[in-house]
Amino acid sequence: MMRVNLDGIHTNLRFSAAHMVIGHQSCGKIHGHSYIVDVEVEGQRSGRFGFVIDFKILKDITRKICKTLDHRVLIPLNSPDLKVTHQDDKHIEFTVLDCLEYKLPIQDVVLLPTESTTAETLSTYITEKIVEQIDDVSTLSYIEVQVNEGIGQGASYRKYLNQQ
């Protein structure tokens with residue numbers, strides 16, 4: 001087995017986004033981060049060039065995912081504390097904790113199928129999106145994504161593949 005890594009700072013795997021950690025004393029208000037995404041893949045070398053995975057393909061996939069999140073407000077649609085009260089092709093309206101009401105242009109948000117928008121949840125979401133877009137994962141043992149909220153703090157999720 002061999003591991004390959006993408007360092008988000010040096011490979012420009014980043015996005016800036018606003019979010020809230022619903023119900024948290026200080027993070028419960030809408031605020032933003034400059035996120036940096038690191039990726040690690042372990043697997044067998046294979047193919048004509050003996051790659052674990054082609055760096056260019058992995059960077060392209062990850063950058064596209066980051067671009068979908070960049071300069072948006074991240075909304076966790078599956079949060080038990082968030083209720084969408086109206087949505088059309090121009091706006092979304094939602095209530096948080098049954099008392100805080102928001103109305104945002106739909107073009108400014110990303111509606112995530114998650115319960116939260118923490119670094120932990122975002123690392124899982126991005127990992128799953130990467131796995132969906134890799135053509136062949138048969139030689140890979142895991143993919144791990146770390147989502148850093150700025151430099152020095154982050155969360156990572158490792159998805160195991162092809163376990164016997």
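Values below: every heavy atom of this structure, side chains too, minus hydrogens, waters and symmetry copies. We count residues from 1, following the sequence as given.
- For the pair Ser16 and Asp70, the minimum side-chain heavy-atom distance is below 4.5 Å.
- Of all non-hydrogen atoms in His31 and Lys29, the two that sit nearest each other are ND1-O, 2.8 Å.
- Minimum heavy-atom separation, Ile22 to Asp81: CG2-CB, 3.5 Å.
- For the pair Asp38/Leu13, no side-chain contact is recorded, criterion being any heavy-atom separation below 4.5 Å from C-beta on.
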Exercise for review: Please step through salt bridge (Lys or Arg N to Asp or Glu O under 4.0 Å) for the pair Lys56 and Asp60, ending with a clear verdict.
Suggested key: CA-CA 6 Å; Lys56 182 180 184 330; Asp60 287 349; 2.9 Å; yes
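- Between the CD1 atom of Ile134 and the CD1 atom of Ile57 there is a distance of 9.0 Å, given to the nearest 0.5 Å.
- Residues Leu6 and Ile143 share a hydrophobic cluster, clusters being chains of Ile/Leu/Val/Met/Phe/Trp/Tyr side chains in contact below 4.5 Å.
- Counting non-hydrogen atoms of neighbouring residues, nucleotides and ligands closer than 6.0 angstrom, the NE2 atom of His86 exceeds 12 such neighbours.
- Both Ile65 and Phe55 belong to a common hydrophobic cluster when Ile, Leu, Val, Met, Phe, Trp and Tyr are linked at side-chain heavy-atom distances under 4.5 angstrom.
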Sequence neighbours left out, cut at 3.5 Å: what donor-acceptor pairs do the side chains of residues 105-116 make with other protein atoms?
residue: Thr114; atom: OG1; partner: Ser116; partner atom: O; Å: 2.8
residue: Ser116; atom: OG; partner: Thr118; partner atom: OG1; Å: 3.4
residue: Ser116; atom: OG; partner: Thr121; partner atom: OG1; Å: 2.7

Step by step, work out the side chain to side chain contact (heavy atoms under 4.5 Å, CB included) result for Arg3 and Tyr142.
CA-CA 9 Å; Arg3 283 191 294 262; Tyr142 72 77; 2.8 Å; yes
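- Minimum interatomic distance between Arg14 and Cys66 (heavy atoms only, all atoms of both residues): O-CB, 3.6 Å.
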Under 3.5 Å, side-chain donor or acceptor atoms of residues 89-103 against the rest of the protein: list the pairs with distances, not counting sequence neighbours.
none

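- When side chains are defined from C-beta on, Lys129 does not count as touching Lys64, because their heavy atoms never get closer than 4.5 Å.
- When atom types are taken as modelled, the side chain of Thr117 and the backbone of Met20 share a donor-acceptor pair closer than 3.5 angstrom.
- Interatomic distance, OG1 of Thr139 versus CE of Met1, reported as 9.0 Å (0.5 Å rounding).
- The two atoms that bring Arg45 and Phe49 nearest to each other are NH2-O, 4.4 Å, heavy atoms only.
- Side-chain contact annotation: Ser138 with Asp136, donor-acceptor N/O pair under 3.5 Å present.
- Within the model, atoms CD of Gln133 and CG of Leu58 stand 10.5 Å from one another, a figure rounded to the nearest 0.5 Å.
- Partner Lys159 forms a salt bridge (Lys or Arg N to Asp or Glu O under 4.0 Å) with one of Glu128, Glu132, Glu144 and no other, that one being Glu128.
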Side chain to side chain contact (heavy atoms under 4.5 Å, CB included) between Thr11 and Val39, intermediate numbers included: CA-CA 10 Å; Thr11 55; Val39 183; over 6 Å; no
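- Grouping the Ile, Leu, Val, Met, Phe, Trp and Tyr side chains by contacts below 4.5 angstrom, directly or via other members, places Ile30 with Leu77.
- Checking side-chain atoms of Thr124 against main-chain N and O of Tyr157 turns up no donor-acceptor pair under 3.5 Å.
- Both Val147 and Ile61 belong to a common hydrophobic cluster when Ile, Leu, Val, Met, Phe, Trp and Tyr are linked at side-chain heavy-atom distances under 4.5 angstrom.
- Counted within 6.0 Å of CE on Met2, heavy atoms from surrounding residues, nucleotides or ligands total 12 or fewer; the atom is thus considered open.
- Ring pair Phe15/Tyr35 is parallel by interplanar angle, where below 30° counts as parallel and above 60° as perpendicular.
- Residue Asn12 holds its CG atom at 11.0 Å from CG of Asp7, rounded to the nearest 0.5 Å.
- Under the 4.5 Å side-chain heavy-atom criterion for Ile, Leu, Val, Met, Phe, Trp and Tyr, Ile130 and Leu74 are members of the same hydrophobic cluster.
- Between the side chain of Thr62 and the main chain of Lys59, no donor-acceptor pair closer than 3.5 Å is present.
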* Asked: Does the pair Ser156 and Val145 meet the rule for a side chain to side chain contact (heavy atoms under 4.5 Å, CB included), with working shown?
  -> CA-CA 5 Å; Ser156 61; Val145 171; over 6 Å; no
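- Closest non-hydrogen pair, Ser123 versus Ala155, comes out as CB-O, 3.5 Å.
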